[in-house]
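The next block holds one structure in the form of structure tokens; read it before the comments.
These values consider heavy atoms only, across backbone and side chains, with no hydrogens, waters or symmetry-generated copies. Just so we're clear, the structure is a prediction, and the values are computed from it rather than from any experiment.
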Amino acid sequence: MNQQQYYDKYKRNREAKKFYNSSAWRKCREYVLKRDNYLCQRCLRKGIIQAADVVHHKEHLQDNPTKALDPENLESLCNACHNEEHPEKGWKAAGKHKKEKQISNKIRVIHSKPNNPEVY
């Protein structure tokens, strides 16, 4: 059982699970990912290009359900950044101490200068 499955099964409340399975959420989530070019916005602010895996509520769903589908309250994040926002959802909170291997989706950007045509 992976981390997300554990959280869904044992931690997430039924109303939230129902919301996250709704077509309205799936459409809104897709809109936000496209708006953010499928890039983690927090990493991007640090100058890192990282693929986004999660759409995060800035004001949590339980704290402010009226903003649940408000794109201004949503941002695309990678799993690492989202886990920083929600440490309670991690393996440690689940009583697990085994770490999964993470595959890096980082893109290395190489800057180069053109050759000097006068040399040849």
Side-chain angles (χ1 to χ4, degrees):
M1 180 178 298
N2 71 26
Q3 182 178 352
Q4 185 64 42
Q5 290 170 329
Y6 180 90
Y7 183 79
D8 282 342
K9 187 171 183 179
Y10 297 108
K11 298 282 187 173
R12 180 172 282 164
N13 70 44
R14 288 188 174 138
E15 287 301 312
K17 188 173 183 178
K18 186 177 176 181
F19 169 76
Y20 286 117
N21 286 329
S22 72
S23 63
W25 168 249
R26 286 194 298 268
K27 288 175 187 175
C28 186
R29 179 183 184 278
E30 187 63 27
Y31 169 80
V32 171
L33 286 168
K34 285 180 183 177
R35 177 197 69 191
D36 295 342
N37 296 311
Y38 295 88
L39 296 174
C40 175
Q41 298 303 293
R42 192 165 293 167
C43 287
L44 202 56
R45 287 190 289 270
K46 297 175 190 174
I48 301 168
I49 297 174
Q50 178 69 31
D53 305 305
V54 179
V55 173
H56 170 69
H57 286 93
K58 295 174 189 175
E59 288 188 45
H60 299 290
L61 177 64
Q62 294 165 337
D63 297 339
N64 196 346
T66 60
K67 290 190 172 184
L69 297 173
D70 179 2
E72 295 301 314
N73 186 44
L74 300 168
E75 68 179 335
S76 301
L77 298 177
C78 65
N79 280 323
C81 288
H82 194 248
N83 289 341
E84 287 177 16
E85 280 291 318
H86 298 287
E88 74 278 5
K89 294 181 183 179
W91 281 111
K92 289 181 182 177
K96 308 281 185 187
H97 297 288
K98 182 180 177 182
K99 291 185 179 178
E100 287 188 37
K101 246 185 182 178
Q102 290 185 344
I103 299 172
S104 177
N105 291 332
K106 293 183 180 178
I107 300 170
R108 176 178 280 171
V109 178
I110 300 173
H111 298 279
S112 64
K113 296 179 181 178
N115 292 333
N116 187 351
E118 297 174 8
V119 174
Y120 298 105

For the [atom1] atom of [X] and the [atom2] atom of [Y], what is their distance to the nearest 0.5 Å?
X: Cys81; Y: Lys46; atom1: SG; atom2: NZ; value: 5.0 Å
X: Leu77; Y: Leu44; atom1: CG; atom2: CG; value: 11.5 Å
X: Asp53; Y: Cys40; atom1: CG; atom2: SG; value: 8.5 Å
X: Lys27; Y: Ser22; atom1: NZ; atom2: OG; value: 9.5 Å

- Got more than 12 heavy atoms from elsewhere within 6.0 Å of NZ, Lys18? no
- Message: Would you call the rings of His56 and His82 parallel, tilted or perpendicular, taking 30° and 60° as the class edges?
- Response: perpendicular
- Message: Checking His57 against His86 for the ring-ring contact (aromatic ring centres under 6.0 Å, His included) test, could you report, in this order, the C-alpha distance in whole Å, the side-chain angles of both residues, the deciding distance, and whether it holds?
- Response: CA-CA 11 Å; His57 286 93; His86 298 287; 9.3 Å; no
Side-chain donor/acceptor of [X] to backbone N/O of [Y], under 3.5 Å:
X: Asn73; Y: Lys67; answer: yes
X: Asp63; Y: Glu59; answer: no
X: Asn13; Y: Glu15; answer: yes

Same cluster or not: [X] versus [Y], using hydrophobic residues (I, L, V, M, F, W, Y) connected whenever any side-chain heavy atoms lie under 4.5 Å apart?
X: Trp25; Y: Tyr31; value: yes
X: Leu61; Y: Leu69; value: yes
X: Leu74; Y: Val54; value: no

- Message: Give me the atom names and distance for the closest heavy-atom approach of Cys78 to Gln50.
- Response: CB-CG, 3.6 Å
- Between Lys58 and Glu72, which heavy-atom pair has the shortest distance, and what is it? NZ-O, 3.4 Å
- Item | Which residues share a side chain to side chain contact (heavy atoms under 4.5 Å, CB included) with Asp36, sequence neighbours left out | Val32, Gln41, Ser76
